[in-house]
Amino acid sequence: MDSRDRLVFALDVPDGREALRLVDALRAEVGAFKVGLELFCAEGPALVREISARGGAVFLDLKLHDIPATVGRAVDRALSGGGVRWLTVHTAGGREMLETAVAVAGERAGILGVTVLTSLDEAGAAEAGLAVPLADLVVRRAKLAAGCRCAGVVASAREAGAIRRALGVGPLIVTPGIRPPGAAAGDQQRTATPGEAIAAGADVLVVGRPIRDAGDPVAVARGIRGAIEAAREGAVR
């Protein structure tokens with residue numbers, strides 16, 4: 001997997017016109033484009049098909065979390081038009097829901113299990129009734145996702161090393177909350193630089209605002225790819 005395939009750009013924009021402008025600008029630099037809830041609610045499956053037609057793979061980040069039958073039907077509908085490389089479901093939905101999602105997806109797309117949102121810190125997690133320390137909960141949920149044959153998990157870089165030790169080299173670890181050195185964290189609590197995330201064991205990095213809001217998004221994406229390559233070379237030595 002080269003540095004391009006290890007970088008996902010989050011299309012956190014309000015409409016399809018702006019999304020497609022960024023797809024055209026960045027498709028040579030990033031391996032996939034994340035379509036999240038805001039954009040999918042605004043544009044629907046038609047945008048996924050258009051991104052695919054323009055040569056971009058889609059990471060459909062819907063974080064599905066409902067009863068198994070509903071999630072199964074939603075997965076089928078979300079993947080019916082093609083063009084999706086990965087689709088997210090929430091591991092908090094439990095084993096039956098995860099297994100249903102994987103079975104319905106089949107070979108059409110890889111299911112990624114979201115462990116704990118990177119916007120939560122220890123205090124926020126405890127307030128929401130989640131078990132802390134968060135690292136233990138993330139690893140437990142990652143093991144559940146792997147046991148349900150998910151293609152990978154979504155987790156912060158802070159837990160990537162523990163997940164890799166627990167799961168080995170199999171499932172992908174997809175890491176959001178990536179911020180180049182000096183970039184603002186925004187509403188993310190558990191962040192890391194690209195180099196830190198790769199060194200910790202992450203396979204794929206999801207980056208949104210630092211690229212989107214840059215004066216030269218292509219240059220920032222290339223810089224992140226360079227940081228990924230440097231971290232990978234350092235890990236090999």
Side-chain angles (χ1 to χ4, degrees), residues 1-63 75 77-88 105 107-112 114 118 151-152 154 157 172-181 183 186 188 192-195 197-198 202-233:
M1 188 185 296
D2 66 18
S3 61
R4 177 178 176 271
D5 288 329
R6 292 181 184 277
L7 179 58
V8 171
F9 174 57
L11 288 168
D12 294 332
V13 295
D15 58 59
R17 181 177 180 180
E18 177 64 9
L20 292 174
R21 183 187 72 80
L22 288 164
V23 168
D24 289 340
L26 291 163
R27 63 189 172 198
E29 302 298 331
V30 306
F33 294 90
K34 182 176 81 71
V35 174
L37 282 172
E38 177 187 9
L39 189 56
F40 193 73
C41 287
E43 303 289 348
L47 179 65
V48 173
R49 292 192 293 271
E50 183 60 28
I51 292 171
S52 179
R54 294 182 185 216
V58 174
F59 171 11
L60 190 53
D61 188 24
L62 301 184
K63 298 182 179 70
V75 168
R77 296 288 294 183
L79 301 181
S80 61
V84 177
R85 177 178 295 174
W86 296 306
L87 171 65
T88 58
E107 299 297 320
R108 291 182 290 175
I111 296 295
L112 300 178
V114 176
T118 52
V154 180
L172 288 173
I173 300 176
V174 179
T175 302
I178 300 300
R179 296 291 183 267
Q188 300 282 16
T193 67
I198 293 294
D203 296 299
V204 177
L205 310 186
V206 182
V207 185
R209 280 167 280 192
I211 296 175
R212 181 196 68 192
D213 297 342
D216 188 343
V218 173
V220 173
R222 286 177 181 162
I224 294 172
R225 286 184 59 183
I228 291 171
E229 289 166 2
R232 293 290 298 171
E233 289 172 3

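Computed from a prediction, not measured in an experiment: that's the story for all the values here. For reference, positions follow the sequence shown, starting with 1.
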Applying side chain to side chain donor-acceptor pair (under 3.5 Å), can you list everything that pairs with [X], at least two apart in sequence or on another chain?
X     : value
Arg85 : none
Arg77 : none
Ser3  : Arg225, Glu229

Evaluate the side-chain proximity of Trp86 to Val8: yes if any heavy-atom separation is below 4.5 Å, no if none is. yes
Between Arg222 and Glu29, is there a salt bridge with N-O shorter than 4.0 Å?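 Salt bridge between Glu29 and Arg222, a charged N being under 4.0 Å from a carboxylate O: yes.
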Under the side-chain contact (heavy atoms from CB on, under 4.5 Å) criterion, do Thr88 and Val154 qualify, and how do the steps go? CA-CA 8 Å; Thr88 58; Val154 180; 4.2 Å; yes
Any sub-3.5 Å donor-acceptor pair from [X]'s side-chain atoms to [Y]'s backbone N or O?
X      : Y      : answer
Arg6   : Val204 : no
Asp5   : Gly31  : no
Arg108 : Val84  : no

What residues, two or more places apart in sequence or in another chain, satisfy side chain to side chain contact (heavy atoms under 4.5 Å, CB included) together with Arg21? Glu18
Output all residues satisfying side chain to side chain contact (heavy atoms under 4.5 Å, CB included) with Asp12, sequence neighbours left out; order by chain, then residue number.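 In terms of side chain to side chain contact (heavy atoms under 4.5 Å, CB included), with neighbours along the sequence ignored, Asp12 is linked to Ala10, Lys34, Arg212.
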Got a list of side-chain donor-acceptor pairs under 3.5 Å for residues 37-52, not counting sequence neighbours?
unit_1: Glu43; atom_1: OE2; unit_2: Gly16; atom_2: N; d: 2.7
unit_1: Glu50; atom_1: OE2; unit_2: Arg54; atom_2: NE; d: 2.7
unit_1: Glu50; atom_1: OE2; unit_2: Arg54; atom_2: NH2; d: 3.4

Could you work out, with salt bridge (Lys or Arg N to Asp or Glu O under 4.0 Å) as the rule, every residue matching Lys63, not counting sequence neighbours?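 Asp61.
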